[in-house]
Visitor: 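What follows is a structure written as structure tokens; I'll ask about it next.
Every number for a ligand or one of its atoms is a count from 1 in the order of the listing.
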Amino acid sequence: MDKGADIAVIGGGMVGLASALALRERGLDVVLCDPSEARARTSYGNAGVVSRGSILPMASPALWGKLPSYLRNADSALRLDYAHLPRIVPYLAHFMAQARESRWREAAAALIPLTTAAYAAHERLAAKAGTTDRLARTGWIKAYRTDAAFAGAALERDILERHGVAFTILDGDDLREREPALVRRYAKAMILSETGSVREPGRLVEACEALFEKLGGRRIRGSVVNLSPEADGWTIAYEGGTLRAKQVVIAAGVASGALTKKLGYRFAVAAERGYHRHYKLHPDSPPLSCPVLDTGAASIIAPMGPDRVRVLSGVELNARHAPPNHAQIEAASREASETLRLGGPIDNEPWLGSRPATPDGMPVIGLAPRHKGLIFAFGHGHIGLSTGPVTGEIVADLATGRSPAVPITSFAPQRLLGLPRLF
Ligand SMILES: Cc1cc2nc3c(=O)[nH]c(=O)nc-3n(C[C@H](O)[C@H](O)[C@H](O)COP(=O)(O)OP(=O)(O)OC[C@H]3O[C@@H](n4cnc5c(N)ncnc54)[C@H](O)[C@@H]3O)c2cc1C
């Protein structure tokens with residue numbers, strides 16, 4: 001049996017690592033438990049966008065109109081694996097119940113303090129981890145192929161405006177001038193200038209790991225299989241041993257649902273899988289200055305260096321460990337080759353990760369309602385890279401009895417535990 005720690009953090013993605021670091025900085029003896037396969041973390045392979053404007057959950061009011069094409073898997077934004085459908089029906093039922101304008105507005109109001117704090121938290125983290133050269137206020141572009149598609153995003157613009165998120169609208173010609181790498185003709189684009197991005201987020205994660213160890217943080221390279229509450233703390237069983245800790249943070253991304261279930265909590269955390277593939281830019285292409293969401297393809301293209309980009313797919317609803325299906329990333333790559341002048345693919349195989357998604361599109365951050373010394377920090381869905389560092393600071397506040405600087409009432413676990421028991 002290992003000597004006891006003050007706190008064990010389960011999961012070494014952006015959320016877990018940022019938490020472990022913030023806790024270590026408060027002087028706690030911290031053990032981080034993770035199997036440590038870098039590419040297995042969703043935090044490794046995302047688009048790296050850190051945007052104040054990322055406040056609009058996937059369950060949008062527009063979803064209802066798109067449902068027929070989603071259900072036929074005829075829209076690259078979503079691929080539903082029908083073999084997985086019976087397991088995901090309860091999640092989808094709760095998810096669809098959120099797809100109303102009132103809920104969209106409420107979620108945006110709850111998320112804005114978190115996303116507003118995100119970039120500054122990234123700056124603090126990057127300064128400590130020595131990765132400031134990977135973080136920049138690049139802005140980001142949402143590009144619309146038709147005027148109708150732009151008009152369809154009016155509610156989004158209204159909500160962003162209401163929360164003071166800065167954006168400008170460009171027509172197709174102005175966009176070409178702003179971003180000469182784009183060869184596709186777009187009707188309109190929204191430029192979110194406050195947005196930053198992390199180039200190769202996996203490198204940030206690795207730098208955080210190295211910093212954690214340098215600061216004296218302890219590592220256990222194995223999966224946690226069980227958590228047992230004791231009178232004075234927790235016994236944590238992992239592959240290869242057990243560990244004692246006074247407090248535990250569950251930050252295991254999409255695996256958090258299974259871990260919390262063993263303690264009697266039933267969260268609907270779904271795997272919204274997504275893929276990426278890297279491409280060289282054609283030698284004659286100007287570099288891409290910032291990430292671009294091509295709303296017509298439901299895919300993001302993010303620069304990962306002056307001469308290469310990462311193409312990222314939409315959402316695949318499937319079991320976390322199901323074999324990959326490359327249909328969406330192949331479609332996204334075909335579309336990207338008409339958006340930019342691309343050279344050949346860099347990697348042999350696309351990367352696959354799972355966004356840890358909750359039905360209301362908000363993370364679960366807070367103290368566990370039925371256990372002492374247990375903190376939940378998961379379910380960050382599409383915004384976990386951006387809001388991971390600020391979540392880490394919140395977790396450190398919760399563990400040390402301080403009030404978090406960012407309001408977290410809306411992220412309380414209780415809101416999801418109170419849902420009708422459909423599963
Ligand atoms: C295609 C795509 C694009 C994205 N783009 C963006 C973006 O631009 N901006 C943004 O903010 N977000 C983006 N995201 C979302 C973001 O990547 C995730 O929200 C974020 O990585 C989640 O971080 P996490 O730490 O919760 O989970 P993860 O990074 O998945 O980390 C969880 C960790 O827990 C570990 N673990 C699991 N089970 C156990 C266990 N039993 N014991 C110990 N450890 C365990 C895993 O090994 C893993 O290392 C994107 C996601 C995808 C898929």
Visitor: Can Arg137 and Glu194 be counted as an ion pair, charged N to O under 4.0 angstrom?
Guide: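 No salt bridge links Arg137 with Glu194.
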Visitor: Run the numbers for me: atoms of ligand 1, each under 4.0 Å from some heavy atom of Ile10, listed by number.
Guide: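 Those atoms are 42 (N), 43 (C).
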Visitor: Are any of the N/O atoms in Pro35 less than 3.5 Å from those in ligand 1?
Guide: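 So ligand 1 has no N or O lying under 3.5 Å from an N or O of Pro35.
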Visitor: Hey, is Leu312 touching ligand 1 through its side chain, its backbone, both or neither, going by heavy atoms under 4.0 Å?
Guide: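 Side chain only.
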Visitor: Could you tell me if any non-hydrogen atom of Ala40 lies under 4.0 Å from any atom of ligand 1?
Guide: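 Ala40: no contact with ligand 1 (<4.0 Å).
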Visitor: Compute the shortest N/O to N/O distance between Gly381 and ligand 1 and return yes if it is under 3.5 Å, no if not.
Guide: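 Yes, Gly381 has an N/O under 3.5 Å of an N/O on ligand 1.
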Visitor: Check each of Ala252, Ala332, Gly384, Gly353 against atom 20 (C) of ligand 1 and report the one with the nearest heavy atom.
Guide: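 Shortest heavy-atom distance from atom 20 (C) of ligand 1: Gly384.
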Visitor: What do we get for Ala255 next to ligand 1 when only non-hydrogen atoms under 4.0 Å count, side chain, backbone, both or neither?
Guide: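 Under 4.0 Å from ligand 1, Ala255 contributes side-chain atoms alone.
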Visitor: Under a heavy-atom criterion of less than 4.0 Å, does His276 contact ligand 1?
Guide: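 Not so, His276 does not reach ligand 1.
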Visitor: Does any N or O atom in Asn46 lie less than 3.5 angstrom from one in ligand 1, N or O only?
Guide: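 For ligand 1, there is an N or O atom that lies under 3.5 Å from one belonging to Asn46.
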Visitor: Checking contacts here: is it the side chain or the backbone of Glu272 that comes within 4.0 Å of ligand 1, counting heavy atoms only? Could be both or neither.
Guide: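 Near ligand 1, Glu272 shows nothing, with every heavy atom at 4.0 Å or more.
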Visitor: Hey, is Gly388 one of the residues with a heavy atom under 4.0 angstrom from ligand 1?
Guide: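 Checking ligand 1 against Gly388, which is what was asked, there is no heavy-atom contact under 4.0 Å.
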